[in-house]
Amino acid sequence: MFKVVPISASATHHLRREVLRNGDPQGVVIWPRDDDAITTHYGAINAVGAIIAIGTIYPQILPENATNRAIANAIDASRQFQFRGMASDASVRGQGAGWTLLQRLIAHAHEQRPALLWCNARVAAIGFYEKASMQIVSDQFDIAGVGPHFVMAMRIS
Ligand SMILES: CC(C)(COP(=O)(O)OP(=O)(O)OC[C@H]1O[C@@H](n2cnc3c(N)ncnc32)[C@H](O)[C@@H]1OP(=O)(O)O)[C@@H](O)C(=O)NCCC(=O)NCCS
């Protein structure tokens with residue numbers, strides 16, 4: 001089993017590189033906002049203390065390219081949260097680590113309810129976020145070097 005706890009920014013680097021940058025040793029894994037005081041990095045930790053899933057969250061307003069802006073209606077900027085860097089170790093996929101991590105990110109936003117939670121979702125991960133009741137709120141767009149994405153969001157009341 002595993003538990004989800006806050007971790008340091010640097011503790012995300014291994015999984016960011018392996019999962020989100022395809023193991024590229026040159027892949028950039030230090031990201032803007034990582035060291036902001038308001039940023040929280042979470043990790044799912046297994047029984048032997050290894051980090052098997054990660055995600056990072058901070059306040060950030062819904063981006064301009066979100067075409068369904070009504071989802072953010074009447075939610076203060078300080079209660080709009082972006083999460084990013086969501087990844088689970090390939091060896092544990094399908095065992096609930098990603099889901100438990102995502103529930104922790106939702107709970108983080110829930111502490112400020114009413115809140116908005118959003119992310120730039122890779123096309124391959126859309127089904128995962130839809131399971132958590134997030135919805136697509138933008139047209140498809142490309143993130144250079146990573147691929148096609150949609151903005152996905154959910155209101156938390
Ligand atoms: C997306 C990701 C984080 C999911 O993590 P995971 O540990 O495999 O997820 P879980 O095992 O907790 O899965 C929870 C549920 O979501 C489903 N699910 C997982 N990934 C899914 C996907 N990509 N599409 C649709 N459903 C998915 C699982 O089947 C499971 O469903 P169930 O409860 O009915 O069995 C993981 O696949 C990953 O790291 N992918 C590569 C990186 C990536 O795309 N990150 C997202 C960037 S936006």
Side-chain angles (χ1 to χ4, degrees), residues 1-34 36 39-68 71-72 80-110 115-156:
M1 279 313 295
F2 46 81
K3 59 183 177 181
V4 176
V5 297
I7 60 174
S8 66
S10 60
T12 67
H13 293 175
H14 174 70
L15 276 185
R16 282 184 181 178
R17 178 168 290 109
E18 291 307 311
V19 178
L20 299 172
R21 296 295 177 262
N22 297 317
D24 179 0
Q26 308 302 321
V28 176
V29 294
I30 299 173
W31 296 344
R33 308 285 306 268
D34 270 357
D36 286 6
T39 295
T40 306
H41 306 276
Y42 287 105
I45 314 285
N46 70 8
V48 296
I51 297 173
I52 55 172
I54 54 169
T56 295
I57 188 167
Y58 45 76
Q60 178 68 40
I61 59 169
L62 190 69
E64 288 297 321
N65 64 329
T67 47
N68 174 8
I71 197 160
Q80 297 185 31
F81 292 89
Q82 177 182 7
F83 69 87
R84 64 182 306 192
M86 175 83 213
S88 65
D89 190 302
S91 68
V92 303
R93 298 258 168 87
Q95 296 176 27
W99 185 255
T100 307
L101 199 294
L102 180 59
Q103 295 309 309
R104 187 65 193 87
L105 298 174
I106 292 170
H108 184 105
H110 191 262
L116 180 80
L117 184 65
W118 67 272
C119 69
N120 292 323
R122 293 179 183 211
V123 167
I126 287 172
F128 174 69
Y129 298 127
E130 283 179 335
K131 270 181 102 72
S133 300
M134 297 187 74
Q135 56 181 278
I136 292 173
V137 296
S138 76
D139 297 328
Q140 184 176 308
F141 63 100
D142 230 55
I143 296 182
V146 183
H149 286 72
F150 289 87
V151 179
M152 295 188 73
M154 68 189 293
R155 285 178 76 97
I156 297 171

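Order of listing sets the numbers, starting from 1, for every ligand and every atom in it.
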CG on Asp34 to OG1 on Thr12, rounded to 0.5 Å: 5.5 Å
CD on Glu18 to CG on Asp24, rounded to 0.5 Å: 10.0 Å
Atom pair CD1 (Ile7) and CD1 (Ile51), whose distance is rounded to the nearest 0.5 Å: 4.0 Å
Residue selection (non-hydrogen contact nearest atom 33 (O) of ligand 1) among Arg16, Lys131, Met152, Glu130: Lys131
Minimum side-chain heavy-atom gap Leu102-Phe83 below 4.5 Å: yes
Pairwise side-chain contact, Met154 with Ile106, heavy-atom cut-off 4.5 Å (strictly under): yes
Heavy atom of the protein closest to atom 46 (C) of ligand 1 (residue, atom name, distance): Met86 O, 3.3 Å
Atom indices of ligand 1 within 4.0 angstrom of Gly127 heavy atoms, with elements: 24 (N), 25 (C), 26 (N)
Interfacing atoms of ligand 1 (cut-off 4.0 Å, heavy-atom, Leu20): 42 (C), 45 (N)
Part of Tyr129 within contact of ligand 1 (heavy atoms, under 4.0 Å): side chain
Heavy-atom nearest neighbour of atom 8 (O) of ligand 1 within options Gly55, Ala125, Gly94: Gly94
Less than 3.5 Å apart, which donor and acceptor atoms pair up between the side chains of residues 117-145 and the rest of the protein, not counting sequence neighbours?
| unit_1 | atom_1 | unit_2 | atom_2 | d |
| --- | --- | --- | --- | --- |
| Trp118 | NE1 | Gln60 | O | 2.9 |
| Arg122 | NH2 | Leu20 | O | 3.1 |
| Ser138 | OG | Val151 | N | 2.8 |

Contact (N/O only, under 3.5 Å) between Gly98 and ligand 1: yes
Inter-residue atom distance Ile57.CD1 - His108.NE2, 0.5 Å rounding: 4.5 Å
Contact atoms of ligand 1, heavy-atom distance to Gln95 under 4.0 Å: 11 (O)
Flag: protein heavy atom within less than 4.0 Å of atom 28 (C) of ligand 1: no
Protein contact to atom 14 (C) of ligand 1 [nearest heavy atom, distance to 0.1 Å]: Trp99 CB, 3.7 Å
Heavy-atom nearest neighbour in the protein, as seen from atom 21 (C) of ligand 1, with distance rounded to 0.1 Å: Phe128 CB, 3.6 Å
Closest protein heavy atom (residue, atom, distance) for atom 42 (C) of ligand 1: Val19 CG1, 3.5 Å
Non-hydrogen atom of Gly96 closer than 4.0 Å to ligand 1: yes
Residues that His13 engages under ring-ring contact (aromatic ring centres under 6.0 Å, His included), provided they are two or more places apart: none
CZ-CD1 distance between Arg16 and Ile54, expressed to the nearest 0.5 angstrom: 6.0 Å
4.5 Å side-chain heavy-atom contact, Arg93 and Val19: yes
Top protein contact for atom 44 (O) of ligand 1, by heavy-atom distance: Arg122 CD, 3.6 Å
Ligand 1 contact by Asn120, heavy-atom criterion under 4.0 angstrom: yes
Beyond-backbone contact of Val146 with Arg21, side-chain heavy atoms, under 4.5 angstrom: yes
Protein contact to atom 6 (P) of ligand 1 [nearest heavy atom, distance to 0.1 Å]: Ser88 OG, 3.4 Å
For atom 38 (C) of ligand 1, the protein heavy atom that lies nearest, with its residue and separation: Arg93 NE, 3.4 Å
Pair Asp36 + Arg33, salt bridge at N-O below 4.0 Å: yes
Atom 23 (N) of ligand 1: the protein heavy-atom neighbour that sits closest, reported with distance to 0.1 Å: Ala124 O, 2.8 Å
Cys119 and ligand 1 - part of the residue with a heavy-atom distance under 4.0 Å: neither
